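Below: one structure, written as structure tokens.
No experiment lies behind these values; they were computed from the predicted model shown. Numbers restart at 1 for each chain; the letters A, B, ... are given by sequence-line order, proteins then strands.
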Amino acid sequence: MDNKIRMKAENVDFFYGRQQALKGIHLDIASNAVTAIIGPSGCGKSTFIRLLNRMHELVPNAVLTGRILLDGKDIIAPDVDAVDLRRRVGMVFQKPNPFPKSIFENVAYGLQINGMKDKGKIEERVIESLKKAALWDEVKHRLHDSALGMSGGQQQRLCIARCLAIEPEVILFDEPCASLDPISTHKVEALILELKKDYTIVIVTHNMQQAARVSDYTGFFYMGEMVEFGRTEVMFTRPRDKRTEDYITGRFG
Amino acid sequence: MNRRIKEKIIEGFFFLNGIIVIGILVGIFVILVRNAWPAFHDVSVGDMIKWPSWNPDAYTTPTYGILPMLMSTLMVTLGSLAVAVPVGIGAAAYLSDVADPRVREIAKPIVEILAGIPSVVLGFLGIVLVGPMICKLTGRYNGLNAVNGSILLAVMALPTIISLSEDALGSVPRSYEEASMALGANKWQTVIQVKIPAAASGILAACMLGMGRAIGETMTVLMATGNAAEFPGSFLGPVKTMTATIAIELGEVAYHTTHYYMLFVVGLMLFIITFFVNLAADVFFHKHTRAR
């Protein structure tokens, strides 16, 4: 690997109750790069990405073993506060989920709950985040309109802006374009490529072309296991495993 | 029998049931208006508002001031909301977001059973329990007052507020909660700043329905508020609400007198107030369900 390793999953097993969703996952996530996780529905890719900022804890009966490291420190350890972790590892969800508040309030929310009180500073950061998310020009005249009045693609970029506002180090994208039209998808992909200069990015996608377009590294998940991991261009041209080849050539999935 | 005719009959049956309910509502309104109407020949609206007291049995000139009892009803209702709304929303938030699912399974039915306590029992508790407590705390010799009524009505309004608010909070999309948690918010911040605002119209509807219940409640306030037909001085003074006035006086009033008609005016006002409160609740409720 060329880039420094930012996050690392070591021998991760994960269960929903008695049902095992992930088996012995080892995965390195490089700094300032896009790591894509692909695989058919139900392969555990979304489950995996939610471990990286401990969102799995919102589900009752979730059991995790193994280690997940961020800068060499185990984030699953009991002394690590999930709230602090989530401020460093942000997340953008499959379905755009802006709050039923104004555009401005959506971005400001994360700042306010993190204790930022200075109105000027909040405004500055909101504008900066909207610009980074390539949304500023579209919304600058209606910052105080409801976010629910935006198009799906705009809502998703708003969710990205909201995530950027709290200045995370890693951003997790859980199928961010699954409910978007092609033009919006293109905008979000361009944004992801732009963001990787400053952030470490993990993206889960069921769209192989998307993985090929945006990612530097790709991991292929199948039935709770990681079948293959490598540089994206290698994986898509010379897969080592038969299952990977079958999947990316469209024989199943 | 022909299937189409059968269908028609069934359809007609349900239509009839729906119409009966509306018919009852309109019928009540018409009866109230017809019986209240003659009062306006005897007493001017200006006098009803101007007179400082409700004193139909006065030896010289009876007075029919409705402001004291309107004020009393408002005080007791708002007082009960001041208690029931924060407690109710807090309890709903606890049940929907903090409580262990097993606790919720037990606690929610218990809250709903609370709604089934007969109001006369609560009135009794007002006399033997809440009243003496108020006396002890304030040093007054009479604990039957607006505060007492407010507390009891709060207890009556709570089940409605808790149960419907909990439903409203439970119907907030999970994705809002996830978004908030993923931004590093803790449970508390998520509930206060995301879930409650998102459920606001549903919670508001719950509070309005609770308020409708409090305004119309009779037996409890009749027993617990002291029933002094004067302009209420403070929350610690006795009050006589619109409902209590009607309940006490209508049974003994001479038929077709001004006093009799005036009681229907009071009833009509009560009908209109509760009608609009419930209508408002309905509007908020639909706003809430549509927003999802």
Side-chain angles (χ1 to χ4, degrees), chain A residues 46 49-50 52-61 81-102 105-116 129 146-148 155-156 158-168 170-174 179, chain B residues 89 92-108 165-206 283-292:
Chain A
S46 283
I49 198 174
R50 294 168 76 90
L52 299 179
N53 67 345
R54 286 173 59 175
M55 289 296 281
H56 69 280
E57 289 174 0
L58 302 187
V59 184
N61 302 327
D81 185 3
V83 167
D84 291 337
L85 171 70
R86 290 177 192 139
R87 286 170 192 177
R88 294 178 65 194
V89 183
M91 188 163 209
V92 175
F93 295 85
Q94 182 167 354
K95 209 172 141 240
N97 56 355
F99 301 123
K101 300 170 184 270
S102 77
E105 287 167 339
N106 259 281
V107 185
Y109 174 76
L111 302 170
Q112 283 156 354
I113 56 164
N114 284 302
M116 193 185 273
S129 308
S146 168
L148 301 183
Q155 288 188 6
Q156 194 61 305
L158 179 66
C159 293
I160 295 173
R162 183 172 69 182
C163 176
L164 294 177
I166 54 171
E167 300 186 322
V170 180
I171 305 178
L172 311 172
F173 288 89
D174 185 4
S179 61
Chain B
I89 295 176
Y94 166 76
L95 284 179
S96 96
D97 288 287
V98 185
D100 188 273
R102 272 169 303 176
V103 174
R104 175 166 54 229
E105 291 309 306
I106 299 167
K108 214 178 165 197
S165 297
E166 204 265 338
D167 290 344
L169 284 171
S171 69
V172 171
R174 210 182 143 65
S175 64
Y176 291 166
E177 195 178 340
E178 287 190 336
S180 175
M181 299 297 275
L183 287 167
N186 56 38
K187 189 108 211 169
W188 181 238
Q189 291 167 321
T190 302
V191 171
I192 299 276
Q193 296 192 42
V194 175
K195 290 196 78 175
I196 290 179
S201 49
I203 291 174
L204 208 55
V283 168
F284 287 127
F285 189 72
H286 281 290
K287 209 170 138 202
H288 174 70
T289 42
R290 244 205 341 265
R292 274 189 281 139

Which heavy atom in [X] sits nearest to a heavy atom in [Y], and how many Å separate them?
| X | Y | result |
| --- | --- | --- |
| A:A165 | A:L111 | O-CD2, 3.3 Å |
| B:E166 | B:L95 | CG-CB, 3.8 Å |
| A:C159 | A:V92 | O-CG2, 4.3 Å |
| B:L183 | A:C163 | CD2-CA, 4.0 Å |
| A:R87 | A:I113 | NH2-O, 3.9 Å |

Please classify the contact of A:R88 with chain B as side chain, backbone, both or neither, using a heavy-atom distance under 4.5 Å. neither

Under 4.5 Å to a heavy atom of chain B? For A:I166 that would be side chain

Could you list which of residues 184-192 of chain B have a heavy atom closer than 4.5 Å to any heavy atom of chain A, in residue-number order? B:G184, B:A185, B:N186, B:Q189, B:T190

[X] vs [Y] side-chain heavy atoms within contact, under 4.5 Å:
| X | Y | result |
| --- | --- | --- |
| A:Y109 | B:S180 | yes |
| A:L164 | A:I171 | yes |
| A:L58 | B:E177 | no |
| A:V170 | A:L52 | no |

Between B:E105 (side chain) and B:D100 (backbone), is there a donor-acceptor pair under 3.5 Å? no

Does this structure show an ion pair linking B:K108 with B:D167, if we count only N-O contacts that are shorter than 4.0 Å? yes

With chain B, the option among A:R54, A:Q112, A:M91, A:R86 that has the most non-hydrogen atom pairs under 4.5 Å is A:R86

Report, by ascending residue number, the residues of residues 94-101 of chain A in heavy-atom contact with chain B at a distance under 4.5 Å; give 'none' if the set is empty. A:N97, A:P98, A:F99, A:P100, A:K101

Only pairs of heavy atoms separated by less than 4.5 Å count here; which of B:E178, B:Q193, B:M181 has the most with chain A? B:E178

